[in-house]
Number of protein chains: 2
Amino acid sequence: MRLSTKGRYAVTAMLDLAIHENKGPITLASISQCQGISLSYLEQLFSRLRRAGLVEGVRGPGGGYRLSRDGQHISVADIINAVDESFDATRCQGRADCQDGEKCLTHELWTDLSDQIQGFLSNITLGEFINRPQVREIIANVQRTGSDRVSAAA
Amino acid sequence: MRLSTKGRYAVTAMLDLAIHENKGPITLASISQCQGISLSYLEQLFSRLRRAGLVEGVRGPGGGYRLSRDGQHISVADIINAVDESFDATRCQGRADCQDGEKCLTHELWTDLSDQIQGFLSNITLGEFINRPQVREIIANVQRTGSDRVSAAA
DNA sequence: TAATTGTTGACTATTTTACTTGGTTAATAT
DNA sequence: ATATTAACCAAGTAAAATAGTCAACAATTA
C-alpha cells in the first residue's frame, strides 16, 4: 500500500467522476484543465483504472470516462491499488534465514499495520464519501459560486 | 501524507525500538542486519527521527537509539511525517482561479480524505499497537523460536 | 468526411529512494 | 592514554518512480 501524489491524482479524478456520475462521461481534457494534471499523465492513470475495471471509456464526441460501477462500490483502496501496483516484495520472503528472528518480526508487524490501513481505506467508498453532509456542503458551495461542469464541458 | 517503503522502514525500525524499550539502546547496525536496510540509509532516517524528537541517540559502546518518549505517545503518523517532509503545496493554493471551480472542489475533497487518514494513523501508537493481543502473540512466537535480541546484540 | 475522444507505445526530464564512501565526534573499555 | 564502539555528518551516485511529451491509431458522432 503506497500513498503518493500519484494516488491522490487518481482519487481526486475519481471523485470528479463520482460527483458527476449522472451527467454523462467526463473527458480527461476537462479533468486535466481543472486539476492542472497533464493530459497524457491522466491517460496513463486511467489506462490502469480501466484495466482494473473501475472506469470505462466512451470514445468519440460527447465521450469521456465514467465509473464502471456504482460509486458506492468503489473504495479509495481500490483506486490506489489500481494505479500503484505495489507488489512490495518485502525482504525475508519465505526463507526464515534472518539473523535473530527480529527481521521477520517487524516485517510481520508492518503487514499487520498495512492491512489495517488497507481495511480503513477499503471502507471509504466514493459514493459514501461524497454523500457525507460536510462534503455535500463543499460540493454545493463550489457549484453555487463557480459555473457548472456541464456548461464548462459543453 | 505520503506512505512509501521509506515510511515503512522507519515504522518497522521504530517498532523494533518499542519492543525492546526496556532493554537499553538498540544499535542501527543491529537493525540494519535484521531488516536488510543499509546502515547509512538508516542513519539518514534516524537523523530525521531524532530532529523530530522521536528518538535519542546514545554514543559509544553499548550505545544506540531509544525512544525519546513512551511508545504510547508516538503514533505511526508522527513517524511517517518525520521522515517524509511532505509539505505538499497542492496546486490552486489560495488563488481560486480555477476554470470552473471543480479543481478547488476535488482538491478540498482530497484534503478532507487526507485528514481522515492522518487522523486514523495518529490514533495508532507504537505502544498501543505492540500491546494488542494478536501482535503480542507474534512477538512471543518469534522470541521463542529465534534467539533474543539481547543475546544477538551482545 | 471531419472532428472528437479514447487507446496505446515509446521516449525524456525531474524527483525520490536507497545506497556508498569517508569522515568526525563522544562515550566506553582495556 | 589508546583503541574501540557507535552516533553523527556530508557529499556523491545508481536505480527507481513520478510526471510529462510526442506521435500514432481506433472508434464514435455530427
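Just so we're clear, the structure is a prediction, and the values are computed from it rather than from any experiment. Throughout, protein chains are lettered first and strands after them, A, B, ... in sequence-line order, and every chain is numbered starting at 1. Below, each value reflects all heavy atoms present in this structure, side chains not excepted, and no hydrogens, waters or symmetry copies.
- At least one side-chain heavy atom of I31(A) sits under 4.5 Å from a side-chain heavy atom of L17(A).
- Contact check, T27(A) against dG6(C): no side-chain N or O comes under 4.0 Å of OP1 or OP2.
- For E56(B) and dA6(D), the CD to P distance is 18 Å, given to the nearest whole Å.
- Residue pairs that meet the side-chain hydrogen bond (donor to acceptor under 3.5 Å, both in side chains) test with at least one member in residues 119-129 of chain A, sequence neighbours left out, are E128(A)-R132(A).
- The interatomic distance linking L3(B) (CG) with dT17(C) (C1') rounds to 15 Å, in whole Å.
- Distances shown here put a side-chain N or O of R50(A) below 4.0 Å from the OP1 or OP2 atom of dT7(C).
- With sequence neighbours excluded, no residue forms a ring-ring contact (aromatic ring centres under 6.0 Å, His included) with F129(A).
- N131(A) meets the side-chain hydrogen bond (donor to acceptor under 3.5 Å, both in side chains) test with R136(A); sequence neighbours excluded.
- Closest to the side chain of S40(A), from the set dC22(D), dT8(C), dT17(C), is dC22(D).
- Aromatic ring pairs are classed by plane angle as parallel below 30°, tilted from 30° to 60° and perpendicular above 60°; the pair Y41(A) and Y9(A) is perpendicular.
- The nearest whole Å value for the distance from the OH atom in Y9(A) to the P atom in dA17(D) is 18 Å.
- Spacing between atom NZ of K6(B) and atom P of dT15(C) amounts to 15 Å, rounded to whole angstrom units.
- Residue T5(A) places at least one side-chain N or O closer than 4.0 Å to OP1 or OP2 of dA19(D).
- The distance from atom CG of D84(A) to atom P of dA16(D) is 17 Å, rounded to the nearest whole Å.
- Sorted by first and then second residue, the salt bridge (Lys or Arg N to Asp or Glu O under 4.0 Å) pairs involving residues 49-67 of chain A (not counting sequence neighbours) are E56(A)-R66(A).
- Among the heavy atoms of the strands, none lies under 4.0 Å from L39(A).
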Distances under 3.5 Å between nitrogen or oxygen atoms of protein and nucleotides 28-30 of chain D:
none

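- Neither OP1 nor OP2 of dT16(C) sits under 4.0 Å from any side-chain N or O of S4(B).
- Between the CG atom in L121(B) and the CE atom in M1(B) there is a gap of 5.5 Å [rounded to 0.5 Å].
- No donor-acceptor pair under 3.5 Å is formed between the side chain of S32(B) and the backbone N or O of S38(B).
- Out of dC19(C), dC9(D), dT18(D), the shortest distance to the side chain of Y41(B) is found at dC19(C).
- One can place CG of L28(A) at 15 Å from C1' of dG20(D), the figure rounded to the nearest angstrom.
- Distance from the side chain of Y65(A) is smallest to dT7(C) among dA18(C), dA19(D), dT7(C).
- Atoms CD1 and CD, on I130(A) and E21(A) in that order, are 6.5 Å from each other to the nearest 0.5 Å.
- Panel note: side chain D78(B), backbone S75(B); a donor-acceptor pair is recorded below 3.5 Å.
- DNA chain C lies under 4.0 Å from at least one heavy atom of each of the following residues of residues 42-49 of chain B: Q44(B).
- Rounded to whole angstrom, the span from the CD1 atom of I26(B) across to the P atom of dT5(D) amounts to 18 Å.
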